[in-house]
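Just below is one structure, and these are the notes that go with it.
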Amino acid sequence: MTALAEDIGLLQRQADRRRFIEPWLYLSPALILIFTVLIVPLIIGISYSFRKFSAFHSEYAGLDQYRAMLGDSVLHGALINTAWWTVASLVLQFFLGLGLALLLNRPFHGRRLVQGLVFLPWAVPIFLTGLTWAWLFNPLIGPLPHIFHAIGLQAEPVTILADPATAMWGPIIANVWFGIPFFAITLLAARKAIPSELYEAAAIDGASPWQQFTKVTLPFLAPTIAITVMLRTVWIATFADLIYVMTAGGPAGSTNTIATYIYVSAFKSLDKGYASAIAVLLLVLLIAYALIVIQMRRTLLRDV
Amino acid sequence: MPGQSLFQRIAGQIGLYGAVACYVVFALLPIYWTIKISVTPQDLLYSEGIRLWPSRMTLANYASVLKASDFPRYFLNSIIVSVSTAFIVTVVASFAGYALSRFRFRGKALVSLVLLLTQTFPLVMVIPPIYRIMGQLGLTDNLYGLIIIYTAFNIAFATFLMQSFLDGVPKDLEEAAMIDGCTRLDALRRVILPLTLPGMGATVAFVFTAAWSELLFGLMLINSESQKTFSVGLLTFVGKFAVDWGQMMAASVLALIPVCLFFLFLQRYLVTGLTAGAVKG
Amino acid sequence: MASVSLRGIHKKFGPVSVLEKIDLDIEDGEFVVLVGPSGCGKSTLLRSIAGLETIDGGEIRIGDRLVNHAAPKDRDIAMVFQSYALYPHMDVRRNMAFSLNLRKSPAELIAERVSAASAKLGLGSLLERLPKQLSGGQRQRVAMGRAIVRNPKVFLFDEPLSNLDAKLRSTMRTEIKALHQSLKTTSIYVTHDQIEAMTMANRIVVMHDGIIQQVGPPLELYDRPANIFVAGFIGSPTMNFFDAVSQGKSARLGDGSALVLPTGAVVKEGREIVIGIRPEHLRFSGEGLPGRVVVVEPLGMSTQVTLDAAGERVTLMALERPSLAPGDAKSLTARPEDIHVFDRSTGLRLN
Ligand SMILES: Nc1ncnc2c1ncn2[C@@H]1O[C@H](COP(=O)(O)OP(=O)(O)OP(=O)(O)O)[C@@H](O)[C@H]1O
Ligand SMILES: [Mg+2]
């Protein structure tokens, strides 16, 4: 009898251990990869920000790099550019994406084909997006300067990428073009998950189409919107490829964002320490932002 | 809808189709223009101004790109990297998503938070350390290095996707399978997996396109001609032949073809997959 | 086929205790129905027997085998879920054959079992269809079919009929009953539905807040409920209750009127009790409990009358068709042997 009881105890403990271990077993490949390829380099990267690098050696520099940031006017310009680049790209992507999702949710002839076509930009590699739009803005082979000239937006058919006042619009437009499908896809999926009874009930209760949108659609989409907007903001803010390909931060630093600045400092001027310090600044800003959005989303989810 | 006048209905239809047309034109203009220039003969490029279609066509640009460059090589490298990344990420993320979807355990909220926060890491920040680590491991100038990095960068998002798809599969089904004689892994393979195929299709599409597009890591880690991916190769090509528009466009069109085909094939899964996943959430 | 025996089962979800000291012996071939209000732990108990939940204490035996730590697949049970849980990507035939395939049974045996089961359930013409192409009732049948091809030791049902309409529900009820009579497989059946419980069960188990209140054949539960909870839960319309104080051989109600207690009741003088009378046992009479008619509802076979009496809403079920109008004053009475007596503080039966 006692032997049996001990047996049961042992089995119980084994079962408990299994239940405890099992989820971690499934998570481990993902966690190991993320840890070794992201977290460890991140920590090393943070440690770089306290060092000064020259061609063949490095030395501890304390907070020097951070102090240098305070007086760096290029960085200040880049901060403002980053904010402008992020907000403008995000707002345009989001509203155009939402509009597209709502359009694609309505029945019309050829919808399947249209859906395939309008999502296509998302599949276009980013560097190609950058190159293609740079070409479109090029007056030698691209149509856009001529169109802008014809409708009176420009006095001469020249590329907007060469003018510091307008250069940022180039990457922003390319980014919007590339990013609309992301929002459209996720929002369309979320919109399709809203039960149609809700709209029927709202219509019977006398809600106008606009009220149905604000009272039914938006509240239901809000959690998805919060998370996609957050991921997208972070992604756009850290995203250097497009600007690098189209303008490389120029002309005269007018399209220099923090991300391109880091890339350029790290590789062109080989100042890894300074680049890392700037990256830490960006990281802190983004994590703070992400935590705020996560908190907001929690509140939203609770209210719905 | 009843209760609308004929005029309102017609105006609504015109607005709908007009808006759809605007989106289609905006989406296709750059792609169309690239194709157009790629088939325009050199001598007509400047003389004809901006026409919708050149008066003569040529495929010479494609021929010279394919013959004169390493493009087939780049192409193959990119396929290897993107397909491997997409495959590995989807498998690893399926397991991770399964753990998050089906188990309750201590530390789960923390894992989700860490995964989410990895999305905020500025890529540019980890480039120098990764370059050093990969150098020490002998993984620079090497496709494996790229695959590992792309995999790690895409896992978090893919895990969230897979988690939401798996959340959409009722728990009852898995339990029924376990009563019918499955182990947990059997149930995963025979019941859950077939039901999350659309979701996995969507994940594969997301990751494949991301890997196919990536430029900065490729630029940094790869030097030798034989290991270049398409994005890196194309960019160096652009640098070398900065004036030969026709060839550049032809190369771009060639780079576009596989992703676009792949994407058109998988895009129907994107929305259905995401919808199925979202139903419960 | 096998017996099922539960000894001192405990189960907690976090700090909340969902099952407390469950003891139950189910005989080989018995059909036991678990009933109780929503959230009382019926599904949890069933799922613990299936091995889908791990229990925190106690022993579960199927046959002679202790199965506390056996995986669900090793317990040789079949379960029919409320949601049916049909595999959406498999047609009816493959749904039914799934478990046998997993067991690597020979193909002839599988074909034979599937065709026998589908004949029994009238699924013959639907074998090539996917679950989404079936109606609710047909899905339910497939779920049953999937369970019976297994020829398991025990069937578990978790509210298998609650997604069906009333008519289909009563047909399926008869079919399940007939099926059990032909297969004689031990079955445990969870339901909310009184009629299902009364008509199908060999024995009914009434649960409340994770505790078994009473176990017994349907009519015994109906005639001799062990406490106020069971008395109120079993029977529809529900039993009428009156607070009272014992006085000699009768009970004095709130309004001062008295009812004669049954002879078996052992009640101390002046004790606070609750009197329970089923609606069909209340009768109109010249004297007794004075009441006032509120609603008269003719149901055809019987007439249901709602009255106010002794400060309570009282239901009376009359087989004849009394001519009454709301507002009429009527006196009520019942035979002493039809009266249930409970202790007011413990709720336990006193007669
Ligand atoms: N996974 C869980 N985690 C925490 N609490 C749970 C869980 N599953 C069930 N419970 C709780 O356990 C109690 C019993 O649940 P159970 O599903 O067994 O009730 P039930 O009797 O089947 O109810 P119903 O008739 O509504 O199906 C409920 O209070 C429920 O809230
Ligand atoms: Mg239940």
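We name chains A, B, ... by the order of the sequence lines, and we start the count at 1 in each one.
Residue contact with chain B, scored on non-hydrogen atoms closer than 4.5 Å, involves the side chain of A:I180 exclusively. With a threshold of 4.5 angstrom between heavy atoms, A:I126 approaches chain B through its backbone and through its side chain. Only the side chain of A:V234 comes within contact range of chain B, judged by heavy atoms closer than 4.5 Å. Heavy-atom distances place the side chain of B:T209, and not its backbone, under 4.5 Å from chain A. For B:L16, the parts lying under 4.5 angstrom from a heavy atom of chain A are both the backbone and the side chain. Residue B:S252 touches chain A through both its backbone and its side chain, counting heavy-atom pairs closer than 4.5 Å. Contact annotation for B:F160: neither backbone nor side-chain heavy atoms come within less than 4.5 Å of a heavy atom of chain A. Of the atoms belonging to A:A290, it is side-chain heavy atoms, and not backbone ones, that fall under 4.5 Å from chain B. With a 4.5 Å cut-off on non-hydrogen atoms, B:T151 touches chain A through its side chain but not through its backbone. Residue A:L136 touches chain B through its side chain alone, counting heavy-atom pairs closer than 4.5 Å. B:F103 touches chain A through its side chain: at least one heavy atom from C-beta onward sits under 4.5 Å away, while N, CA, C and O do not. In this structure, the portion of B:L185 lying under 4.5 Å from any heavy atom of chain A is its side chain and not its backbone. Neither the backbone nor the side chain of A:W235 comes within less than 4.5 Å of any heavy atom of chain B. Residue A:W133 touches chain B through its side chain alone, counting heavy-atom pairs closer than 4.5 Å. With a 4.5 Å cut-off on non-hydrogen atoms, A:V245 touches chain B through its side chain but not through its backbone. Proximity to chain A (any heavy atom under 4.5 Å) is restricted, for B:F157, to the side chain, taken from C-beta onward. The contact between A:F182 and chain B is made entirely by side chain atoms (from C-beta outward), counting heavy-atom distances below 4.5 Å. The parts of B:F26 that come within reach of chain A are both its backbone and its side chain, each placing non-hydrogen atoms under 4.5 angstrom from that chain.
Chain B forms the most heavy-atom pairs under 4.5 Å with one residue out of A:L128, A:L286, A:I287, A:V280, and that residue is A:L128. Between chain A and the options B:A152, B:A99, B:P30, heavy-atom pairs under 4.5 Å are most frequent for B:P30. Taking A:L120, A:V114, A:V118 one by one and counting their heavy-atom pairs under 4.5 Å with chain B, the maximum is reached by A:L120. Chain A forms more heavy-atom pairs under 4.5 Å with one residue of B:E214, B:R104, B:R132 than with any other, namely B:R132.
When the shell of 6.0 Å around CZ of B:F95 is examined, it contains 12 or fewer heavy atoms from other residues, nucleotides or ligands. Open room surrounds OH on B:Y144; 12 or fewer heavy atoms of other groups in view lie less than 6.0 Å from it.
Below 4.5 Å, heavy atoms of chain A meet heavy atoms from B:V111, B:L113, B:V114, B:L115, all part of residues 108-115 of chain B. Among residues 104-111 of chain A, the residues having any heavy atom closer than 4.5 Å to a heavy atom of chain B are, in sequence order, A:R106, A:P107, A:F108, A:H109.
Within the model, atoms CG of B:L117 and CG of A:L42 stand 10.5 Å from one another, a figure rounded to the nearest 0.5 Å. The structure places CG of B:L256 at 7.0 Å from OG1 of A:T132, a figure rounded to the nearest 0.5 Å. Separation of atoms CD1 (B:I133) and CD1 (A:I44) is listed at 4.0 Å; rounding is to 0.5 Å. To the nearest 0.5 Å, the span separating OG1 on B:T159 from CG on A:L31 amounts to 8.5 Å.
Nearest approach of B:Y23 to A:L100, heavy atoms of both residues: OH-N, 3.3 Å. Between B:P129 and A:Y48, the shortest heavy-atom contact is N-CE2, 3.9 Å. Residues A:L38 and B:V126 come closest through the heavy atom pair O-CG1, 4.0 Å.
The shortest distance between side-chain heavy atoms of B:L100 and A:L27 falls below 4.5 Å. A 4.5 Å side-chain heavy-atom check between B:W33 and A:P143 finds at least one atom pair inside the cut-off.
Using a 3.5 Å distance cut-off with no hydrogens or angles, the side chains of A:Y26 and B:R184 do not pair a donor with an acceptor.
Aromatic rings of A:W122 and B:F206 (six-membered ring for Trp) have centroids within the 6.0 Å cut-off, being under it.
Side chain of B:W212 to backbone of A:P125: no donor-acceptor contact under 3.5 angstrom is found.
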